[in-house]
Amino acid sequence: MLCSAQIDTAVYRRRRENVLRQIGEDGIAIVFAAPEQRRSGDTDYPFRQDSYFYYLTGFTEPQAALVLDGKNQTAALYCRDKDESQEIWHGFRYGAAAAKTVFGMEHAGSISQWQTAFQEALAGHSRLYALWGLYPEHDQTLLRIWHQIQQTAGQRAAAQGVLAPDGLMDLSKILNRMRLIKDEHEQELMRKAGKISAAAHVRAMRYVRSGCREYQVEAEILHEFMQQGARYSSYNSIIAGGKNACCLHYVDNHSPLADGDLLLIDAGAEYQMYAGDITRTFPVSGKFSGAQKEVYEIVLASNIAAIEAIRPGADWQVISQAAIAQLTQGLLDLGLLSGSLNSNIETSAYRRFYMHGLGHWLGMDVHDVGGRFNDNGTPILLQSGMCTTVEPGLYIAAADDIPAHFHNIGVRIEDNVLITDNGCEVYTADAPKTVAAIEALMAE
Ligand code: GLY
Ligand code: MN
Ligand code: MN
């Protein structure tokens, strides 16, 4: 539970006011808390609040809904009631009265009443904004309520104040645009998520040794996250030794590590709902082999070049294409591809070894919202306040046409980068990434 002293009510209120302005007096919006998820029997996964809902409320309980009423320019939070018995078994609940004050809402009520209250508020607005498709069970309820009002409105004059919304609108358009630009509060949390994540990778580099299991390295990573205040990971950690690194979303994390293997770790801390997402690749022995180093330097050069190109006004598609060209030229230089640079790019031959994109937006979700293109198909140019990952990689699975010394080398180097007014800030800079820095750290 967050205690009230930690909740910066003004941050969430500002966001709600922004949405209220955008939906206008004819609009009403609703956002729901995330559902609880069963793990097995009567045991649940740890509850994680819905990112949109948290973004607008700071409220961390399940079974809640937020209604933004454009006509009255007010916010109402519906949440669980206080319940002595439930609180003895499962923990504290705010209840509506306390939630209204602590979270700075104009109204609050019991979640058991949200449908009645929403039906009343909805009549009189002509546009209903919701995150359609996110939680289908809520879609059903909203459509049922909407239909009821439509019928009532057909029977009574609009003059009596009953107006059925004739626009079912997608709220994600508004919220995704807002979430794409991180405000100062978010930047502070993401900076911390990056720092914690970097410290965990340093800890893993210091810990790793031949014979240990991938999940033992994972334990070190999680230890550092939690010790530094990040209770959860942003995603399932990828701890991939040797050939496992050539599986992009390897999360089995069971294999023993051997001298001579590279270890690829893709792990990030979630700090107060904001994601870190770092990948580092380093040798289990502490020393890169010649072939490992050759591949590594190609990936590192493209990571560095991409970060250097990041600034306001830059086009991510151009930066991504430059990374493809750089990695493809590297593959040609290693003799893993043949022919011209252009033909290997045009035929996508490079995708045998580099099969993912250069990065994604980062925020409350590890693959954060916002998209890379405007509605008219033009690229979204980088702007101060956006946060992206930069994560080039090369993955060389064993195959008959590949020289043996390159077999099972998988390298990805991933950083988290905030676009600033003048260029960028790398949140994950504390995790070493040059060969010299990694080898020096591992030799300590
Ligand atoms: N860790 C997931 C990703 O890098 O996209
Ligand atoms: Mn990533
Ligand atoms: Mn990652």
Side-chain angles (χ1 to χ4, degrees), residues 1-3 31-66 78-95 99 111-112 114 131 133-141 189 193 196-197 200 204 212-240 244 247-255 265-279 360 362-369:
M1 182 195 72
L2 293 169
C3 76
V31 183
F32 294 97
E36 293 151 291
Q37 302 280 359
R38 185 58 44 94
R39 181 174 185 274
S40 81
D42 60 356
T43 304
D44 286 352
Y45 283 105
F47 178 71
R48 202 275 188 184
Q49 187 55 282
D50 176 83
S51 297
Y52 292 109
F53 184 83
Y54 186 82
Y55 182 75
L56 294 173
T57 61
F59 191 65
T60 53
E61 292 183 26
Q63 298 173 40
L66 172 75
Y78 298 92
C79 62
R80 300 180 303 187
D81 298 317
K82 294 294 286 177
D83 183 322
E84 198 177 333
S85 161
Q86 286 294 316
E87 290 183 56
I88 286 170
W89 280 92
H90 302 294
F92 173 83
R93 306 167 165 203
Y94 278 97
I111 190 65
S112 64
W114 83 263
L131 295 162
L134 185 56
Y135 302 122
E137 66 278 17
H138 291 317
D139 291 351
Q140 295 286 328
T141 312
L189 299 177
I196 296 173
S197 306
C212 75
R213 296 263 172 181
E214 292 162 339
Y215 58 72
Q216 291 178 292
V217 183
E218 184 176 14
E220 295 296 309
I221 295 265
L222 298 180
H223 174 95
E224 192 68 31
F225 288 176
M226 291 199 202
Q227 285 297 340
Q228 293 212 33
R231 175 81 166 73
Y232 298 108
S233 302
S234 327
Y235 52 92
N236 293 330
S237 303
I238 297 167
I239 316 285
N244 296 335
C247 168
L248 296 180
H249 287 165
Y250 173 84
V251 289
D252 190 43
N253 299 356
H254 236 83
S255 300
I265 299 182
D266 184 345
E270 183 178 88
Y271 182 72
Q272 293 189 21
M273 296 291 283
Y274 283 84
D277 180 10
I278 301 187
T279 309
H360 48 84
L362 186 70
M364 303 184 79
D365 296 325
V366 64
H367 297 157
D368 208 34
V369 296

A.B. asks: Got a sec, which residues hit side-chain contact (heavy atoms from CB on, under 4.5 Å) with His360, two or more places apart in sequence or on another chain?
C.D. replies: Asp277, Leu362, Val366, His367, Thr389, Glu391, Glu414

A.B. asks: To the nearest 0.5 Å, how far apart are CG in Asp252 and CD1 in Ile239?
C.D. replies: 12.0 Å

A.B. asks: Please check if the side chain of Ser233 supplies one atom and the backbone of Ala269 the other of a donor-acceptor pair under 3.5 Å.
C.D. replies: no

A.B. asks: Check side-chain hydrogen bond (donor to acceptor under 3.5 Å, both in side chains) between Arg80 and all other residues, then give those that pass, not counting sequence neighbours.
C.D. replies: Glu61

A.B. asks: Over all heavy atoms of both residues, which pair between Ala99 and Cys79 is shortest? Give the atoms and the distance, please.
C.D. replies: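 The pair with the smallest heavy-atom distance is CB-SG, 4.0 Å.
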
A.B. asks: Gln216: what forms a side-chain contact (heavy atoms from CB on, under 4.5 Å) with it, not counting sequence neighbours?
C.D. replies: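 Counting only residues at least two positions away or on another chain, Gln216 forms a side-chain contact (heavy atoms from CB on, under 4.5 Å) with Tyr207, Cys212, Arg213.
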
A.B. asks: Kindly indicate whether the side chain of Phe92, heavy atoms from C-beta on, has any atom under 4.5 Å from the side chain of Lys82.
C.D. replies: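 When only atoms from C-beta onward are counted, Lys82 and Phe92 do touch, with a gap below 4.5 Å.
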
A.B. asks: I need the full list of salt bridge (Lys or Arg N to Asp or Glu O under 4.0 Å) pairs touching residues 226-235, with sequence neighbours left out, sorted by first then second residue.
C.D. replies: none

A.B. asks: Restricting to ring pair (Phe, Tyr, Trp, His ring centres under 6.0 Å), what partner residues turn up for His254, sequence neighbours left out?
C.D. replies: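 By the ring pair (Phe, Tyr, Trp, His ring centres under 6.0 Å) rule, His254 matches Tyr215.
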
A.B. asks: Would you give the length of the straight line joining atom OG of Ser40 to atom OH of Tyr45, rounded to the nearest 0.5 angstrom?
C.D. replies: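 Spacing of OG (Ser40) from OH (Tyr45) equals 8.5 Å.
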
A.B. asks: Any idea which heavy atoms bring Gly276 and Ser197 closest together, and the distance?
C.D. replies: CA-OG, 3.8 Å

A.B. asks: Rounded to the nearest 0.5 Å, how far does CZ of Phe59 lie from CG of Leu66?
C.D. replies: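 If I round to the nearest 0.5 Å, the distance is 10.5 Å.
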
A.B. asks: Side chains of Thr57 and Val31, heavy atoms from C-beta outward: is any pair under 4.5 Å?
C.D. replies: no

A.B. asks: For Asp368, enumerate each residue passing the side-chain hydrogen bond (donor to acceptor under 3.5 Å, both in side chains) test, keeping only those at least two apart in sequence or located in another chain.
C.D. replies: Arg179, Lys182

A.B. asks: side-chain contact (heavy atoms from CB on, under 4.5 Å) with Gln49: which residues, sequence neighbours excluded?
C.D. replies: Ala33, Ala34, Phe47, Phe53, Tyr54, Met273

A.B. asks: When rounded to the nearest 0.5 angstrom, what distance separates CG in Asp81 from CD in Glu87?
C.D. replies: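 Nearest 0.5 Å value for the CG-CD distance: 10.0 Å.
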
A.B. asks: Pairs in or reaching into residues 216-240: which pass ring-ring contact (aromatic ring centres under 6.0 Å, His included), with residues at least two apart or in two chains?
C.D. replies: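 Found none.
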
A.B. asks: Can you list the residues that meet the salt bridge (Lys or Arg N to Asp or Glu O under 4.0 Å) rule with Glu36, with sequence neighbours excluded?
C.D. replies: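 In terms of salt bridge (Lys or Arg N to Asp or Glu O under 4.0 Å), with neighbours along the sequence ignored, Glu36 is linked to no residue.
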
A.B. asks: Could I get the full list of side-chain hydrogen bond (donor to acceptor under 3.5 Å, both in side chains) partners for Ser51, not counting sequence neighbours?
C.D. replies: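 Result, side-chain hydrogen bond (donor to acceptor under 3.5 Å, both in side chains) vs Ser51: Arg48, Asp365.
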
A.B. asks: Of all the heavy-atom pairs spanning Ala204 and Ile265, show the shortest one and how long it is.
C.D. replies: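 Scanning both residues, the minimum pair turns out to be CB-CD1, 3.7 Å.
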
A.B. asks: Output the distance between atom OG1 (Thr279) and atom CD1 (Ile238), rounded to the nearest 0.5 Å.
C.D. replies: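 Going from OG1 on Thr279 over to CD1 on Ile238, the span is 7.0 Å.
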
A.B. asks: Taking only residues two or more places apart in sequence or in another chain, which ones pass side-chain hydrogen bond (donor to acceptor under 3.5 Å, both in side chains) with Asp44?
C.D. replies: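 Counting only residues at least two positions away or on another chain, Asp44 forms a side-chain hydrogen bond (donor to acceptor under 3.5 Å, both in side chains) with Arg38.
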
A.B. asks: CD1/Ile221 to OG/Ser237 distance, rounded to the nearest 0.5 angstrom?
C.D. replies: 6.5 Å

A.B. asks: Run the side-chain contact (heavy atoms from CB on, under 4.5 Å) test against Ile111 and tell me which residues pass, sequence neighbours left out.
C.D. replies: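 Once residues adjacent in sequence are excluded, the partners of Ile111 under the side-chain contact (heavy atoms from CB on, under 4.5 Å) criterion are Ala65, Tyr78, Trp114.
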
A.B. asks: Main chain of Ser255, side chain of Glu214: is a donor-acceptor contact present, judged purely on distance under 3.5 Å?
C.D. replies: yes

